[in-house]
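Structure first, commentary second.
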Amino acid sequence: MRVVPTVSADGSPLHVEVYGPDGAPAIVLSHGWTCSTQFWAAQVRDLSDDHRVIVYDQRGHGRTPAVGRAGYTTDALADDLEAVLAATLEPGEKAVLAGHSMGGMTLMAAAGRPGLREHAAAVLLCSTGPSRLVAESLVLPLRAGRLRTRLTGAVLGARAPLGPVTPVSRAILKYATMGPGSAAERVAECARIVHACPRTVRVAWSQVLAALDVEAGVGQLAVPTVVLVGTADRLTPPVHARALAAALPECVGLDELAGVGHMTPVEAPEAVTARIRALVTTYVRTEQEEVA
């Protein structure tokens with residue numbers, strides 16, 4: 001593994017890691033809200049033998065420093081992704097870009113950017129949505145409507161610290177973000193990652209996500225795209241995935257994983273890795289062979 005010094009458009013430093021052999025087909029992985037590069041550990045392990053796997057911490061997460069309140073925006077997400085692509089890929093080099101949750105929203109926010117258009121061969125949108133995140137959330141078992149939306153917004157935007165990981169906090173995290181059959185070790189893994197996110201960062205991004213609308217980016221994501229979701233996802237339920245599949249210019253697959261919750265790369269790592277590998281094989285290796 002090597003760390004690549006990277007600075008975003010507003011001067012914010014970003015923590016970027018690159019795994020795998022030089023010259024191998026490239027994959028860029030963008031994690032979600034309250035997560036970090038560790039969220040992609042299974043994909044890095046399983047793909048880096050024969051791929052160049054690039055992961056980075058979103059601003060305020062992991063080893064990327066927090067910023068001032070004005071630095072948490074969808075434009076900043078897009079800026080950061082463009083900076084990562086420029087720092088890790090050769091000019092014109094194509095890669096598969098995969099984003100989970102807020103990472104998928106990052107790809108939609110950046111869809112019209114020159115950097116994404118230059119480097120994206122194909123995309124995986126994993127457990128994500130472009131808008132109405134609070135209104136469509138199923139975290140609270142209430143009938144859809146204003147009351148559920150208001151209460152859900154209060155829960156997801158709560159300012160209280162998460163505190164240490166305990167049996168109770170793991171149970172709450174599992175209910176809200178993972179499928180009922182999730183293995184205990186995978187619940188514990190997600191809990192460690194989520195609880196490590198600073199409270200101020202968690203709250204700042206929750207406010208961005210509550211008002212998120214990157215619908216315009218969906219129509220601009222004009223590359224082969226697979227949409228993947230768990231059928232038990234309460235945070236970004238399948239209604240989002242189905243709408244994305246219908247609206248994308250070049251959707252090449254809608255995968256609904258039975259019984260899986262929101263944390264798909266950790267809950268169903270083999271399935272997520274297989275989708276990424278297939279996209280590389282179809283859309284990156286073929287292009288390189290044609291150039292050769």
So, do [X] and [Y] sit near enough that their side-chain heavy atoms are less than 4.5 Å apart?
X: Pro91; Y: Glu118; answer: yes
X: Met263; Y: Val187; answer: no
X: Leu151; Y: Leu147; answer: yes
X: Leu14; Y: Val84; answer: yes
X: Val139; Y: Leu235; answer: yes
X: Pro180; Y: Tyr175; answer: no
X: Val272; Y: Cys126; answer: yes
X: Val53; Y: Val18; answer: no

Between the side chain of [X] and the main-chain N/O of [Y], is any donor-acceptor distance below 3.5 Å?
X: Thr6; Y: Ala87; result: no
X: Ser169; Y: Thr166; result: yes
X: Arg148; Y: Leu140; result: no
X: Thr282; Y: Ala278; result: yes
X: His31; Y: Asp57; result: no

So Arg59 and Asp10, salt bridge (charged side-chain N to carboxylate O under 4.0 Å, His left out) or not? Walk me through it. CA-CA 12 Å; Arg59 52 179 61 199; Asp10 64 354; 3.0 Å; yes
Over 60° means perpendicular and under 30° means parallel, so classify the ring planes of Trp205 and His61, tilted if in between. tilted
Please report the interatomic distance [atom1]([X]) to [atom2]([Y]), rounded to the nearest 0.5 Å.
X: Arg132; Y: Thr149; atom1: CZ; atom2: OG1; value: 7.0 Å
X: Met178; Y: Arg234; atom1: CE; atom2: CZ; value: 12.0 Å
X: Arg275; Y: Gln43; atom1: CZ; atom2: CD; value: 12.0 Å
X: Leu133; Y: Leu209; atom1: CG; atom2: CG; value: 6.0 Å
X: Arg277; Y: Asp46; atom1: CZ; atom2: CG; value: 7.5 Å
X: Arg45; Y: Leu47; atom1: CZ; atom2: CG; value: 10.0 Å

Could you walk me through whether Thr152 and Val155 satisfy the side chain to side chain contact (heavy atoms under 4.5 Å, CB included) test, starting with their C-alpha distance in whole Å, then the side-chain angles of each, then the deciding distance to 0.1 Å, before giving a yes or no? CA-CA 5 Å; Thr152 300; Val155 169; 5.7 Å; no
Work out which heavy atom in [X] is nearest to a heavy atom in [Y]; give both atom names and the distance.
X: Leu97; Y: Leu107; result: O-CD1, 3.9 Å
X: Trp33; Y: Ser206; result: CZ2-CB, 3.6 Å
X: Ala76; Y: Gly71; result: CB-O, 3.4 Å
X: Thr128; Y: Ser101; result: OG1-O, 2.8 Å
X: Val218; Y: Pro130; result: CG2-CB, 3.9 Å
X: Gly179; Y: Ala232; result: CA-CB, 4.3 Å

Please tell me whether [X] and [Y] are part of a single hydrophobic cluster in this structure, the criterion being side-chain heavy atoms less than 4.5 Å apart.
X: Val134; Y: Leu212; value: no
X: Leu116; Y: Met105; value: yes
X: Leu244; Y: Leu254; value: yes
X: Leu125; Y: Val28; value: yes
X: Val55; Y: Leu85; value: no

Any side-chain donor near an acceptor of the partner, [X] and [Y], under 3.5 Å:
X: Thr73; Y: Asp75; value: no
X: Ser127; Y: Thr264; value: yes
X: Asp80; Y: Ser8; value: yes
X: Glu256; Y: Thr231; value: no
X: Thr225; Y: Glu250; value: no

Kindly write out the residues that satisfy salt bridge (Lys or Arg N to Asp or Glu O under 4.0 Å) with Arg63, not counting sequence neighbours, or none if the list is empty. Glu17
I would like to know whether His240 and Glu136 meet side chain to side chain contact (heavy atoms under 4.5 Å, CB included); could you show each step before the answer? CA-CA 8 Å; His240 291 295; Glu136 299 288 1; 3.4 Å; yes
Derivation of the side chain to side chain contact (heavy atoms under 4.5 Å, CB included) call for Leu77 and Met108: CA-CA 10 Å; Leu77 292 174; Met108 290 181 265; over 6 Å; no
Flag if over 12 foreign heavy atoms under 6.0 Å of CD, Gln220: yes
For Glu185, I'd like to know if atom CD has over 12 heavy atoms of other residues, nucleotides or ligands within 6.0 Å. yes
Does Arg52 count as lying over the ring of Tyr19, i.e. NZ or CZ under 6.0 Å from the six-ring centre, within 45 degrees of the axis? no
Salt bridge (charged side-chain N to carboxylate O under 4.0 Å, His left out) between Arg186 and Glu267: does it pass, once the steps are laid out? CA-CA 7 Å; Arg186 291 180 177 175; Glu267 290 184 72; over 6 Å; no
With sequence neighbours excluded, residues passing ring pair (Phe, Tyr, Trp, His ring centres under 6.0 Å) with His262: His100
Show, in sequence, the C-alpha distance, side-chain angles and deciding distance for Tyr56 and Thr37, and conclude whether the side-chain hydrogen bond (donor to acceptor under 3.5 Å, both in side chains) test is met. CA-CA 6 Å; Tyr56 71 101; Thr37 58; over 6 Å; no
Check step by step if salt bridge (charged side-chain N to carboxylate O under 4.0 Å, His left out) holds for Asp79 and Arg113. CA-CA 9 Å; Asp79 287 342; Arg113 297 291 189 93; 2.8 Å; yes
Using the side-chain hydrogen bond (donor to acceptor under 3.5 Å, both in side chains) rule, take Gln58 and Thr106 through it: C-alpha gap first, then chi angles, then the decisive distance, then the call. CA-CA 10 Å; Gln58 301 270 22; Thr106 298; 3.2 Å; yes
